[in-house]
Amino acid sequence: MISLAGLNPEQRHAAETIEGPVLILAGAGSGKTRTITYRIAHMVDNLNIDPKSILGVSFTNKAAREMKERVSNLLGNRKSRKLTLSTFHSLGVKILKKEITKLGYYKNFTIFDSSDQLSIIREALKMYRADKSFDRKVVLSKIGYLKNNGISHTDYEHSSFFDPEDPYDVAIEYVYHFYQEKLAFYNAIDFDDILFLTVRLFNDFPDVAKKYSELFQFIMIDEYQDTNNLQFQLILGLTSSHNNLCVVGDDDQSIYSFRGADLSNILDFESKFPGAKVIKLEENYRSTSSILGLANKVIEINKERRDKTLWTKKKSDALPKIWLTANTDHEAEITIEQIVQYQGDGMHLADIAILYRSNTQAQPLEEHLRLSNVPYRILGGQKFYDKKEVKDIMAYLFVILNPRDQLSLRRVLNVPNRGIGKATLDTFLKKSLEENITLYDAFLKYPDLIPNKTEVINKFTKIITDFQEKFKKHSLPESISCLVEDIKFNQYIEKSHDNAKQVERRKNDINIFIESAARYESYNKSHATLENFAQKLLLQDSQDLEELNEEEDDDVRVNEVTLMTLHSSKGLEFDTIFLIGVEEETLPHKRSVQEGGVDEERRLCYVGITRARETLFMTYCKERKLFGKDVPRHLSRFLNDLKDDKLFTLQDRTTFGHMTEEDANQYKKSFFKNLMDDLEQK
DNA sequence: TCGTCCGGCGTTTTT
DNA sequence: CGCCGGACGA
C-alpha cells in the first residue's frame, strides 16, 4: 500500500484522479515529478492496475530514466519493470520496428541525424540548380515544420502551406520529394519521420492504433506544453479506444516553439478533451518568496497564459541582485569572483549554476573559471556522439546493419583513406543509378568497374560482410574493438592529427565507446544485439556513455559549478543562480524580437529565475563584444519594466571596480571613521 | 586525392 | 572575431 499522506491536497487530488482526461498544471517547483510518480505507484499498488497497461511519455531519455528510477523506489523493481516509461521517439521506434513494413520500409531502417539530413538537402538543392542560394537550414526546418503539421511530400503541393508564387516554396516542393525518395531508397527515416510515420500508421491502419490503445489503458504525458501537432495526433491515436489521458505541464515554461511546440495544446486542453478535469499545483517548494515574487511579476505580463500564481512558505527579504557590468569580460570576472568568495565560505560548487541565453556566452566565463582554478562543467556542449571519430565508428555499425544506408556508407568508404575518392565514388554512383541498385550492391556486383580499384573495393565490402557475421557470433565490445583494429583506425587518428594530446583524446573516445558497448551488453545480456545497441545510439539514449563520460555518482555530487543555456536548465534547480546577459537583444534575443517571439523569451527568463532556491544574481553589460565589435547594451525589458517595484536591487558594478556598492559604502564609512579617530587622538 | 585559402555568417535545439 | 564550407590549386 502506497500512502499519499506526504502530498499536499492538490497533489493528492492529482494522484487520485485516474479516469478520463486530466490536466495537471504544475508550476515551477511545485513537486510535479513527485506527484506523477506517486500517481503511478498509487494506480499500481492501491488500485491494482496492471503496470503493463500504463504508458508514461516524456521528452528526454533523462526524464524517462529519472521517472523509472523514482517509481521503482516506490514500487520495487518487479512491478515497475512492467511499466512503459519512454520518450515519444523511442515509443515511435518501438512501434515502427514492429510495423514499418506496412509502410513499405525494411525493418532494419536507419535514423538520420541533422547532419545527414543537411547533406541530402545540399544534394537536392544542387540538383534543383538553384541560382539563388537557398539556405539549407531554412529548407530543412520548413520540411520539419511540414511534417510536424502532418503534410507529406505528396500533400504539400495541394496544401495551404504551399504558395506557388513563392520561389522558396517551389524549391522546397522539389527538395521535399527528392529528400523523401532518397530516405526511402537508403531505408532511412529522420527524427520527425519517427512520429510522422507512426501517426500515418495509426491513420492508415486503425486496427494498429486500436491495438496499442487497448494495450495502454492509462496514458500520462509529461512536459505537455512542449508537445507539437504530431505528438498530439499520436496521443489521439493512443487514446482512440479510451479516454484515460493525464497530461502534466506548465504553459509558462513552454520554450520550444521553434521545434514546433504548440502552446494551444495545453491552453485549449478542455475543448480538445471535453470533460477534462484541471488540477493546479501552485505551491512552490523551491524558491524563496523574493525570488518567486520577481518570477511572478515577470511572467504575468504575458497574455496567452493560464491564470495561476505560485506561492511559497519560504519567506525571505534577500532581494535578487542585478549587476551592471562594463563588458562581457568584466561580467565574467565579477561573477567568478563572487563564486570564489562563496567557495571560500565553504559553499558546495554543485549548488551553483550559471545560466545564459546562448552557448557563445559561456566562453569568457570558462576563461575566468580556469584562471581562478574553479572546477566547472558545461552541460550540452559538444555531444559525445557528435565527435567525428565516434560518428565514424558508429557509421560502420550502421552500414553493417543496413548497407542501403548510403550516407553512412559514403562516410566510412574512405575512412581511413583507402584510395576510394570522389572519382571512384561517382563512377559507382552512376552505375547504381543506371541499374537502380544501391551503391553497396554496385560494389558487390561490379567490383572491377574500375580495374585498378578492384582490390580496394573488394577489401572494403569484405570488411562489411565479415563483420555482419562477426557481430552474430561474438560479443558487441569484442566485435567493435576488432573492427577498430581491422580498419587500423588508431593509425588513422595518429595520421590525421599532429597534436599528441588530441590523438590521445580521440583514441580515448573510441575506448569509451567500446566500454559503453560492454556496459550495454552487461545490462542487457542476450538482448544486446548490434541492432538494439545501434537503436540506442541513434536515439542518443545510451546512458552508459554519459555515465562513463561524467563518472557520475548518485551519492557524491561532484564539486563543480554548472554552466548551461536557459533551455537546458528547465527542470533543474540550484541554491544559487547567476543569470548572465539579461540584456535587450540577448534576452529577449534579437531574432526573437524580430520574429515576434518575445513571449517565449519572457518564459525563458522566467524559467531561469525559477531555477534558484535561495540566491539569484542577474547581470547585464554596458557593452558587449559581438562579432568583433563593441555594441552598447541595455537592461532587458523583462526587468527594466519592473524597476520601480522593489523586486530586486540594481548595482552599478562598473564604478566601484571590484567592490559592490555596499562594500564601497562600507569602505568609505570606515575610511572616514578612521580619519575621525585619528583626529580625535590628536 | 588532399590540403589550403578565402568569404560569409553568427540563437535556443529534449530526439 | 572565429568557424565552417566551398572553391581551387599542388
Side-chain angles (χ1 to χ4, degrees), chain A residues 57-66 86-93 111-115 117-119 122 126 133 135-137 140-141 144 148 189-196 198 222-223 225-228 230-231 253-261 328 355-364 379-381 383 385-386 413-414 417-426 453 456 495-496 535-542 564-572 581 585-595 597 600-601 603-605 607-608 624-631:
Chain A
V57 186
S58 51
F59 276 80
T60 64
N61 294 304
K62 199 173 145 209
R65 232 175 285 139
E66 191 186 319
S86 89
T87 64
F88 275 106
H89 288 83
S90 26
L91 177 71
V93 169
I111 299 161
F112 277 0
D113 67 13
S114 65
S115 63
Q117 295 177 292
L118 285 171
S119 80
R122 177 166 51 204
K126 224 179 234 168
S133 56
D135 187 332
R136 281 151 54 201
K137 282 199 182 133
L140 177 62
S141 74
N148 280 311
I189 66 178
D190 64 26
F191 277 114
D192 293 326
D193 278 337
I194 295 174
L195 303 180
F196 185 78
T198 311
D222 194 12
E223 304 283 7
Q225 76 280 358
D226 290 333
T227 50
N228 63 27
L230 218 41
Q231 284 148 350
Q253 292 184 69
S254 166
I255 53 175
Y256 284 101
S257 75
F258 68 93
R259 285 193 51 85
T328 45
L355 310 181
Y356 35 80
R357 174 65 235 258
S358 54
N359 279 312
T360 50
Q361 291 171 257
Q363 215 185 36
L379 246 63
K383 293 235 171 75
Y385 322 85
D386 283 342
L413 201 53
N414 207 28
N417 296 14
R418 45 171 76 89
I420 309 178
K422 192 172 181 303
T424 314
L425 175 63
D426 282 346
K453 295 282 177 193
V456 286
K495 239 175 58 194
S496 353
Q535 185 185 310
K536 282 249 167 198
L537 292 176
L538 289 164
L539 291 176
Q540 315 224 332
D541 179 23
S542 182
M564 70 192 126
T565 62
L566 286 165
H567 280 91
S568 31
S569 76
K570 196 170 70 171
L572 304 176
E585 310 213 325
T586 300
L587 181 69
H589 193 274
K590 192 176 182 180
R591 210 149 131 182
S592 300
V593 177
Q594 285 162 356
E595 289 164 11
E600 181 150 315
E601 296 288 310
R603 293 194 287 267
L604 218 35
C605 184
V607 167
R624 176 171 296 271
K625 213 179 203 94
L626 284 177
F627 314 134
K629 264 190 183 159
D630 287 323
V631 186

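Chain letters run A, B, ... following the sequence lines, proteins first and then strands; every chain starts at 1. Keep in mind it's a predicted model, so treat the numbers as computed, not measured.
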For a side chain to side chain contact (heavy atoms under 4.5 Å, CB included) with Y256(A), tell me which candidate from T227(A), N228(A), D226(A) qualifies.
D226(A)
First encountered from the 5' end of DNA chain B, between F59(A) and H589(A)
H589(A)
E595(A) vs I194(A), nearer the 5' end of DNA chain B by closest nucleotide:
E595(A)
[X] [atom1] to [N] [atom2], straight-line distance once rounded to whole Å:
X       : N       : atom1 : atom2 : answer
M564(A) : dT12(B) : CE    : P     : 15 Å
F627(A) : dG8(B)  : CZ    : P     : 16 Å
Q594(A) : dG10(B) : CD    : C1'   : 13 Å
I255(A) : dT14(B) : CD1   : C1'   : 10 Å
H567(A) : dT13(B) : NE2   : P     : 7 Å
Y356(A) : dG10(B) : OH    : P     : 21 Å
Q363(A) : dT11(B) : CD    : P     : 15 Å
Q361(A) : dG10(B) : CD    : P     : 17 Å

If only side-chain N and O atoms of [X] are considered, is one of them under 4.0 Å from the OP1 or OP2 phosphate oxygen of [N]?
X       : N       : value
R259(A) : dT13(B) : no
N61(A)  : dT15(B) : yes
S58(A)  : dT14(B) : no
N359(A) : dG10(B) : no

For nucleotides 1-5 of chain B, tabulate all protein N/O to nucleotide N/O atom pairs closer than 3.5 Å, reporting atom names and distance.
{"residue": "dT1(B)", "atom": "OP1", "partner": "G421(A)", "partner atom": "N", "Å": "2.3"}
{"residue": "dT1(B)", "atom": "OP2", "partner": "K422(A)", "partner atom": "N", "Å": "3.1"}
{"residue": "dT1(B)", "atom": "OP2", "partner": "A423(A)", "partner atom": "N", "Å": "3.1"}
{"residue": "dC2(B)", "atom": "OP1", "partner": "N417(A)", "partner atom": "ND2", "Å": "2.5"}
{"residue": "dC2(B)", "atom": "OP2", "partner": "N414(A)", "partner atom": "ND2", "Å": "3.4"}

Can you confirm whether K570(A) sits close enough to E223(A) that some side-chain heavy atom of one is under 4.5 Å from a side-chain heavy atom of the other?
yes
Return the minimal non-hydrogen interatomic distance between [X] and [Y], and the atom names on each side.
X       : Y       : value
T328(A) : P364(A) : O-CB, 4.1 Å
L566(A) : G608(A) : CD2-CA, 3.5 Å
S90(A)  : N61(A)  : OG-OD1, 4.3 Å
K62(A)  : L572(A) : NZ-CD2, 4.1 Å

For D193(A), is there any backbone N or O sitting under 3.5 Å from a side-chain donor or acceptor partner on D190(A)?
yes
Which is it for Q363(A) and Q361(A) under the side-chain hydrogen bond (donor to acceptor under 3.5 Å, both in side chains) test, yes or no, and what are the steps along the way?
CA-CA 6 Å; Q363(A) 215 185 36; Q361(A) 291 171 257; over 6 Å; no
At under 4.0 Å between heavy atoms, what does [X] touch on the DNA or RNA strands: base, sugar-phosphate, or nothing?
X       : result
F88(A)  : nothing
D192(A) : nothing
T60(A)  : base

Side chain of D226(A) (C-beta onward), nearest among dT12(B), dT14(B), dT15(B):
dT14(B)
Ignoring the backbone of S568(A), work out which of dT11(B), dT15(B), dT13(B) is nearest its side chain.
dT13(B)
Atom pair CG (L140(A)) and CZ (R122(A)), whose distance is rounded to the nearest 0.5 Å:
12.5 Å
Audit row: H589(A), L604(A), side-chain contact (heavy atoms from CB on, under 4.5 Å) steps and yes/no
CA-CA 10 Å; H589(A) 193 274; L604(A) 218 35; over 6 Å; no
Give every pair of a protein N or O atom and an N or O atom of nucleotides 6-10 of chain C that lie under 3.5 Å apart, one pair per line with the distance.
{"residue": "dG6(C)", "atom": "OP1", "partner": "R122(A)", "partner atom": "NH1", "Å": "3.4"}
{"residue": "dG6(C)", "atom": "OP2", "partner": "R122(A)", "partner atom": "NH1", "Å": "2.9"}

